[in-house]
Amino acid sequence: MTAAQKPLQRLVVIGLGLIGGSFAKGIRELGLFREVVGFDLDARSQALAVELGVVDRCADTLEQACQGADVIQIAVPILALERVLEHLAEMDLGQAVLTDVGSAKGNVVRCAARAFGTMPPWFVPGHPIAGSEQSGVTAANSALFRRHKVILTPNAQTDPQALALVEHLWRALGADVESMEVKHHDEVLAATSHLPHLLAFGLVDSLARHHENQDIFRYAAGGFRDFTRIAGSDPIMWHDIFLANRDAVLNILDVFTADIERLRDALVAEDGHHLLGVFTRARVAREHFSKILARRAYVDVMNSNNVIFLAQCGGALTGHLRVPGDKSISHRSIMLGSLADGVTEVEGFLEGEDALATIQAFRDMGVVIEGPQQGRVTVHGVGLHGLKPPPGPLYLGNSGTSMRLLSGLLAAQPFDSVLTGDPSLSKRPMNRVAKPLREMGAVIETGPEGRPPLNIKGGQRLTAMHYEMPMASAQVKSCLLLAGLYAKGTTSVTEPAPTRDHTERMLRGFGYPVTVEGRTARLEAGHSLKATKIEVPADISSAAFFLVAASIAEGSDLVLEHVGVNPTRTGVIDILKLMGANIELLNPREVGGEPVADIRVRSAALKGIDIPEDLVPLAIDEFPVLFIAAACASGRTVLRGAEELRVKESDRIQVMADGLHTLGVKATPTPDGIVIEGGAIGGGEVFSHGDHRIAMSFSVAALRAIAPIRIHDCANVATSFPNFLELAQKAGMHVNKESAS
Ligand code: S3P
């Protein structure tokens, strides 16, 4: 019988405070038990609980309350729990399942083992991470646990049915239930909740005692108030919690004390670099926690992950736009800036999640990086040999470029490292870098089938080599050139077709000699990088959405400003021109070693073409939106030699073909490309599979669709083009984020 089917007679809640009262009230409202019985030593709370409809009735004694119970929820203060458990151990509890809400689980388990002789299999310890400024049964709120985490800490002996039943009750209250080991739970809570309370109580008391004239409080501003708000919490409850979770709190307190000592030393020594390092890291860590983790912890997972774009049909694009900075150049500015001697100033940096993942990785390796703020980043380079071991795995989100380029760099460091990523990155092939790096002497383990995570063993002496790349990949080329900075001798890489050359150009910008002859790039270890200024041009890959949009939408005339037009990236312009697009490059100039221009694009009647294979690597990221151009063109467009598209953030051939098919466009995938027949575009629901460029491409398709297009799974647009919707609307497209229902 499953937990949900079990006929439930009686829930008993012992302790009718905020948490116990809210649990009782919520379950009672759901009608999951025939009866909800309360018990509290405080007669007033008992009377109020009945009056407020929190429970059906209260019992006079614990024995009477627990008779015939299916579930007993213990919600008493943590140090009162032992007495309650001793009392319960003397009774015949029949088939009852026991659970609790204490915030330190090691203590609960020890008390239960003492009271019952061993931890009973029908006792499922639990901890809802929810609360309120108010307390007592009058604050009971049946929605208190909705979208909050509840952590259960079962052990190997816990009865699966008892566990399922407790899980079922919390889920019914709208909570997000997780299981954890007792020790881990107590460590996590010691760090995230208990230590901050200790510091808040301690700071207020310290200031109050040492500043007797109390001026310090009279002039206390927001900072003091924010930091010490939690010192207003219930002292008795916190006294209990600290004694109950003593060991875990002591451990984290020791770690923190050592870090505070280090900050003190830095102040004594006027070591501004250390201070800046701590503050910049803390600031981003906090943003990361509040934006990313808190969203996942407290918001309905389905809603937050499935960002839906609703693109209304029609529209024309006009005016001037500047799309965000180039992703490839932004990554490299942080990598080379970190390895340089001196301070590198970056402008126009892409503040998208991929490039931010690279910043975070280098911060984790001890590099002080200020910003980004309005595209400005200041990188305090540590030199080629100055990186420090990261405290844990480097998490690179969705960013293949970060993982592949970093693997080359990290293979040559004296420390070990682990590179991980999100579910999409975790499916992408890494043998293309792991294999040649191993030939240079690197020790790298991949996950199954050459996928992430990458485990890189430090302390290896790399030897330079010549590598003939089997595929046209700028990431592989760049990875090997970065490894070559540390490999004895001359490293050279030959590519089968030209790919983006930002690494070669930027290395030279940092004063590092690189030679390029035909398709071979070559460098030798032993030189150094000198800090420089970098101006990142607007990303042609982001501009591409508007190049196609303005081409297909009648009445459009748009200027895209300051776009990087490096010849290894302009395949999209060449292909669109072959299709009949009206595109002009205005005011061509060179900025920091990269060609830049303003691009004017006006609507034009496009025609289908056979895309020349030599243009494929030069437009590799722009194909999803070029497929939309092909769907709007007259006749057939054929793409060949583009099998790389199958291993991008998604299988871009299949995912685009599926979406186009939904919209009524004839698109036939082939192993290395696609055949698209231009024609009418319908509306419908399409899926981007978390691929940013696919989400944006279907937004563009709506300009020529006869009904709206709903695009699922668009959150990753933030990886490369965080203000896409804003700019698209400004230019004249009718695409919006659908508000979560
Ligand atoms: C990139 C290279 C390309 C490209 C990616 C960025 C780079 O990948 O698709 O978006 O910055 O080096 P490949 O090297 O896999 O072609």
Side-chain angles (χ1 to χ4, degrees), residues 328-329 331-342 344 365 381-387 401-415 417 430-444 454 456-532 534 566-568 592-594 617:
S328 295
I329 299 178
H331 282 300
R332 287 157 171 85
S333 70
I334 300 302
M335 296 181 187
L336 300 191
S338 295
L339 300 178
D341 297 315
T344 290
M365 292 189 285
V382 294
L384 274 170
H385 300 282
L387 295 177
T401 309
S402 309
M403 189 170 283
R404 299 214 178 100
L405 270 59
L406 269 172
S407 66
L409 188 60
L410 291 171
Q413 300 302 317
F415 49 81
S417 45
M430 292 298 148
N431 275 339
R432 55 181 59 200
V433 287
K435 270 196 178 145
L437 285 172
R438 284 185 197 124
E439 286 176 40
M440 293 174 80
V443 178
I444 301 185
L454 294 183
I456 303 178
K457 184 120 199 68
Q460 314 301 318
R461 281 197 155 281
L462 302 192
T463 320
M465 68 160 180
H466 172 71
Y467 189 61
E468 297 273 342
M469 275 199 299
M471 74 287 283
S473 164
Q475 292 179 354
V476 176
K477 172 177 63 172
S478 304
C479 161
L480 298 179
L481 291 177
L482 289 176
L485 297 175
Y486 298 86
K488 195 164 174 295
T490 300
T491 299
S492 53
V493 188
T494 300
E495 49 192 9
T499 68
R500 65 192 70 192
D501 62 358
H502 306 301
T503 305
E504 299 90 303
R505 285 176 187 253
M506 201 184 282
L507 276 168
R508 287 203 207 102
F510 276 89
Y512 203 102
V514 181
T515 56
V516 179
E517 274 170 81
R519 296 207 177 134
T520 303
R522 187 175 284 113
L523 59 72
E524 156 193 64
H527 303 270
S528 63
L529 287 89
K530 281 161 223 52
T532 183
I534 294 174
N566 178 318
T568 59
E594 290 279 349

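- Thr401 meets the side-chain hydrogen bond (donor to acceptor under 3.5 Å, both in side chains) test with Gln475; sequence neighbours excluded.
- Note on residues 432-442: pairs passing salt bridge (charged side-chain N to carboxylate O under 4.0 Å, His left out), not counting sequence neighbours, are Arg432-Glu644.
- Not counting sequence neighbours, His385 has no partner by the side-chain hydrogen bond (donor to acceptor under 3.5 Å, both in side chains) test.
- Partners of Pro513 according to the side-chain contact (heavy atoms from CB on, under 4.5 Å) rule, which considers only residues two or more places apart in sequence or in another chain, are His527.
- With sequence neighbours excluded, no residue satisfies salt bridge (charged side-chain N to carboxylate O under 4.0 Å, His left out) with Arg404.
- Remark: Lys530 pairs with Ser528 by the side-chain contact (heavy atoms from CB on, under 4.5 Å) rule, at least two apart or across chains.
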List the atom pairs, with distances to 0.1 Å, where a side-chain N or O of residues 483-492 and a protein N or O form a donor-acceptor pair under 3.5 Å, not counting sequence neighbours.
| from | atom 1 | to | atom 2 | distance (Å) |
| --- | --- | --- | --- | --- |
| Tyr486 | OH | Leu384 | O | 2.6 |
| Tyr486 | OH | Gln413 | NE2 | 3.3 |
| Ser492 | OG | His466 | ND1 | 2.7 |

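- Side-chain atoms of His331 and Ser402, non-hydrogen and from C-beta on, do get closer than 4.5 Å to each other.
- When the ring pair (Phe, Tyr, Trp, His ring centres under 6.0 Å) test is applied to Tyr467, no partner is found at least two apart in sequence or on another chain.
- Residue pairs meeting the salt bridge (charged side-chain N to carboxylate O under 4.0 Å, His left out) criterion with at least one partner in residues 467-479, sequence neighbours excluded, are Lys477-Glu495, Lys477-Glu504.
- With sequence neighbours left out, Thr503 forms a side-chain hydrogen bond (donor to acceptor under 3.5 Å, both in side chains) with Arg332, Ser478.
- Under the side-chain hydrogen bond (donor to acceptor under 3.5 Å, both in side chains) criterion, Thr520 pairs with Thr494, sequence neighbours left out.
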